[in-house]
Each structure stands twice: as C-alpha cells, then as structure tokens.
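Proteins come first, then strands; the chains are lettered A, B, ... in the order of their sequence lines, and each starts at number 1.
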Protein chains: 2
Amino acid sequence: MNNRADNLNIHSLAFLAKCLADENRLRILICVSKVKKSVSRIVEELGLSQPLVSHHLKELRRALLVKVERSGPFVYYEMTDQRILIILAGLDELGAALLSERTTF
Amino acid sequence: MNNRADNLNIHSLAFLAKCLADENRLRILICVSKVKKSVSRIVEELGLSQPLVSHHLKELRRALLVKVERSGPFVYYEMTDQRILIILAGLDELGAALLSERTTF
DNA sequence: TAATTATATATATAGACGTTTATATGTTGA
DNA sequence: TCAACATATAAACGTCTATATATATAATTA
C-alpha cells in the first residue's frame, strides 16, 4: 500500500536540489561529467572567474557530486557518479513534458 | 559521440531544481502526490501556516508541478505528473549512494 | 630563495528567498 | 446583505547566497 513518495529523505532531497539549482553550478558539473578537468580548464571553457568556479566546486564537493584529485599544481575535478546525468536528463525531460502538457496558458 | 550531458536545458533545469530545493515545498508536493487535497487539509497535515502553504503552492504551480481545481470554497491541488515522483526517488537514491560510496571522511 | 603559476579563501555587497503578520478576496449559507 | 469560512495577497524582516575584489596558500621552476 506504500508508494514511491514514502521513505523519501526530504532533507537530503532539498540539499541535493539546492546544489543543482544554480545555472553556473550546473554548467560546471556537466563540464566535468565526461572527463576530469583542472580548475583553470573549467574557467577557460565556461568563461567564469576563477574564484567563482572554485566557490561552486566547493559546493559541488560538499554535496559529493564531484571528486577531487591533485596532480602537481593542478587540481582536477570530476563528476562522482554517472547517475547524476541520468537524473538531470530526467528532470530536463520532465520540464519539457510539463510545458507541453499544460492545459492553462 | 554525444552523451547525455549535451542538449540539456540548463535554464529549465535550474528553475525546476530551485523549486524542489525547499523542504516545505517538497513536503507539500509529496503531500499532494497521491490525491488532490485542499489547502486547509495540507495546512492541517503538515502543520504549516496557511499563508506559507499558499505561497509555496503558488511557486509549485508556477513550475507546473501542481495543478489547481476549485470546488466550492475549497481549492484543490494535485501533482501534475507522476514522473516527478520517479525523479525524486532517483535523487533520493543518488543521495544515499553518494554517501555510501564516498571515500574521504 | 625568488618568481611564477594554480587554486583556495576572506571579505563585502547586492539581490533572492522563506517566513511571519496583517489584510484582502472569494464563496457559502442564514 | 451579513456572518463565517477558505484562500490569496501584501508588506516587512531576517537570512541565505551568488558574485566580485582582494589576498593567501601551494606547487613548480629558475
């Protein structure tokens, strides 16, 4: 008689969602989803300031969404779990579905 | 050669994630996930103030996550798409997985 | 050790957001 | 129309957060 809605950890859900709720953080996360990249490479690819990228990487790390690896002077970041991409794709698809299914304009 | 990370609508993703990034909003959303409920019923079940519930319902509606239906003096809210629950369950599972898989404590 | 590069942190600020209190709007029944 | 109930909105407040600027730490090389 239980459905999916039970046993959800609201606190954990809100925490993760909050970390995914910023455009720049999403860009950074997706940027390191395929291969690990150094901070400077991320800065270069996204055109964001270095302190800003560092700040967001710290948040992403706090949420365990990325892992860190130092190599010489460089610090490499990489998405920890590919399932994150599946969830993002699901959310993206949902967003499109909600828009197309809405009855009231 | 493309992977899941391409073609994601960053803006839409951030918008949806932001709406899911508040504990009370999540509680309200899950509260109306099975059956439609009036505002007063939600207020009663969750122990939140009526203006607060109304405010969050407005946000949920803005994100198309709930739909509204008036019946007499009551206004009933209901989750628009069951896929939302699947995504929440996926996020929840991910959160647990990230915690158990982390190497650095 | 000095200089250079890479990254992190500290501080400040402006805007967004959740919440409360108070009030308004809308609906029903007498 | 008046009273009672259901819901929405407005204003005010404190807190959080994204960002910029400035500076510090860490690693490399000369």
Side-chain angles (χ1 to χ4, degrees), chain A residues 10-32 35-80 104, chain B residues 10-32 35-80 104:
Chain A
I10 302 279
H11 187 70
S12 165
L13 275 178
F15 179 72
L16 272 180
K18 204 171 300 175
C19 197
L20 298 174
D22 180 82
E23 296 197 16
N24 282 332
R25 215 145 48 214
L26 280 174
R27 289 193 188 95
I28 293 170
L29 181 59
I30 293 171
C31 181
V32 300
V35 295
K36 60 179 124 184
K37 289 174 186 169
S38 65
V39 176
S40 47
R41 171 118 184 252
I42 301 169
V43 165
E44 185 181 296
E45 288 192 11
L46 299 182
L48 301 172
S49 77
Q50 178 269 313
L52 184 57
V53 170
S54 269
H55 169 71
H56 284 309
L57 282 170
K58 189 178 183 178
E59 290 301 304
L60 288 168
R61 200 179 4 164
R62 221 165 64 89
L64 304 177
L65 292 174
V66 298
K67 57 185 173 186
V68 202
E69 180 191 327
R70 175 150 221 149
S71 174
F74 296 94
V75 178
Y76 292 92
Y77 285 87
E78 187 183 9
M79 182 180 267
T80 53
T104 60
Chain B
I10 302 279
H11 187 70
S12 165
L13 276 177
F15 179 72
L16 273 179
K18 205 173 297 176
C19 197
L20 298 173
D22 180 81
E23 295 196 16
N24 282 334
R25 215 146 48 215
L26 280 173
R27 288 193 189 95
I28 294 171
L29 181 61
I30 293 170
C31 181
V32 299
V35 294
K36 60 179 122 182
K37 290 174 185 168
S38 66
V39 176
S40 48
R41 170 117 184 257
I42 300 170
V43 165
E44 185 180 298
E45 288 191 12
L46 299 181
L48 301 172
S49 78
Q50 179 268 314
L52 184 57
V53 170
S54 269
H55 169 72
H56 284 309
L57 283 170
K58 189 178 184 180
E59 291 299 305
L60 288 168
R61 201 178 3 162
R62 221 164 63 89
L64 304 176
L65 292 174
V66 299
K67 54 184 174 187
V68 202
E69 179 189 329
R70 175 149 221 150
S71 174
F74 296 94
V75 178
Y76 292 92
Y77 286 86
E78 186 184 10
M79 182 179 269
T80 52
T104 60

Picking from [options], which would you name as closest to the side chain of [X]?
X     : options               : result
B/D22 : D/dT9, C/dG18, C/dT7  : C/dG18
A/S54 : C/dT7, D/dA6, C/dT19  : C/dT7
A/V75 : C/dA6, C/dT19, C/dA8  : C/dA8
A/K18 : D/dT17, D/dA22, D/dA8 : D/dT17
B/S38 : C/dA22, D/dT7, D/dA18 : D/dT7
A/R70 : D/dT28, D/dA26, D/dT7 : D/dA26

Worksheet item: With a 4.5 Å limit on heavy-atom distance, are the side chains of B/L13 and A/L20 in contact?
Response: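 In short, these two side chains do not touch, never coming nearer than 4.5 Å.
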
Discussion item. Closest-nucleotide mapping onto DNA chain D: is B/P73 or A/A21 further toward the 5' terminus? I mean the 5' end.
Written reply: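 Its nearest nucleotide lies further toward 5', so the answer is B/P73.
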
Practice prompt. For A/S71 and for A/H56, locate the closest nucleotide of DNA chain D by heavy-atom distance; then report the residue assigned to the nucleotide nearer the 5' terminus.
Written response: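 Its nearest nucleotide being more 5', the pick is A/H56.
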
Rounding to a whole Å, what distance do you find between [X]:[atom1] and [N]:[atom2]?
X     : N      : atom1 : atom2 : answer
B/F15 : C/dA16 : CZ    : P     : 14 Å
A/H55 : D/dA18 : NE2   : P     : 5 Å
B/I28 : D/dA8  : CD1   : C1'   : 14 Å
A/R25 : D/dT19 : CZ    : C1'   : 12 Å
A/I42 : C/dA8  : CD1   : C1'   : 14 Å
B/L57 : C/dT19 : CG    : C1'   : 15 Å
A/L60 : C/dT7  : CG    : C1'   : 16 Å
A/L52 : D/dA18 : CG    : C1'   : 7 Å

Worksheet entry | Test item: side-chain donor near acceptor, A/Q50 and A/S54, under 3.5 Å |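 Yes, side-chain donor-acceptor contact under 3.5 Å.
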
Is there a side-chain polar atom (N or O) of [X] under 4.0 Å from OP1 or OP2 of [N]?
X     : N      : answer
B/Y77 : D/dA6  : no
A/S40 : C/dT7  : yes
A/N24 : D/dA18 : no

Worksheet entry | Derivation and outcome, side chain to side chain contact (heavy atoms under 4.5 Å, CB included), residues B/R27 and A/I10 | CA-CA 7 Å; B/R27 288 193 189 95; A/I10 302 279; 4.2 Å; yes

Worksheet item: Does the distance from a Lys or Arg side-chain N to an Asp or Glu carboxylate O, for A/R41 and A/E44, drop under 4.0 Å?
Response: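 A salt bridge is absent here (no side-chain N lies under 4.0 Å from a carboxylate O).
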
Worksheet item: Is it true that B/K37 and B/E45 make a salt bridge, defined as a side-chain N closer than 4.0 Å to a carboxylate O?
Response: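 Yes, charged N to carboxylate O under 4.0 Å.
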
Item to complete: Report the residue (B/Q50 or B/E59) whose heavy-atom-nearest nucleotide on DNA chain C is the more 5′ of the two.
Response: B/E59

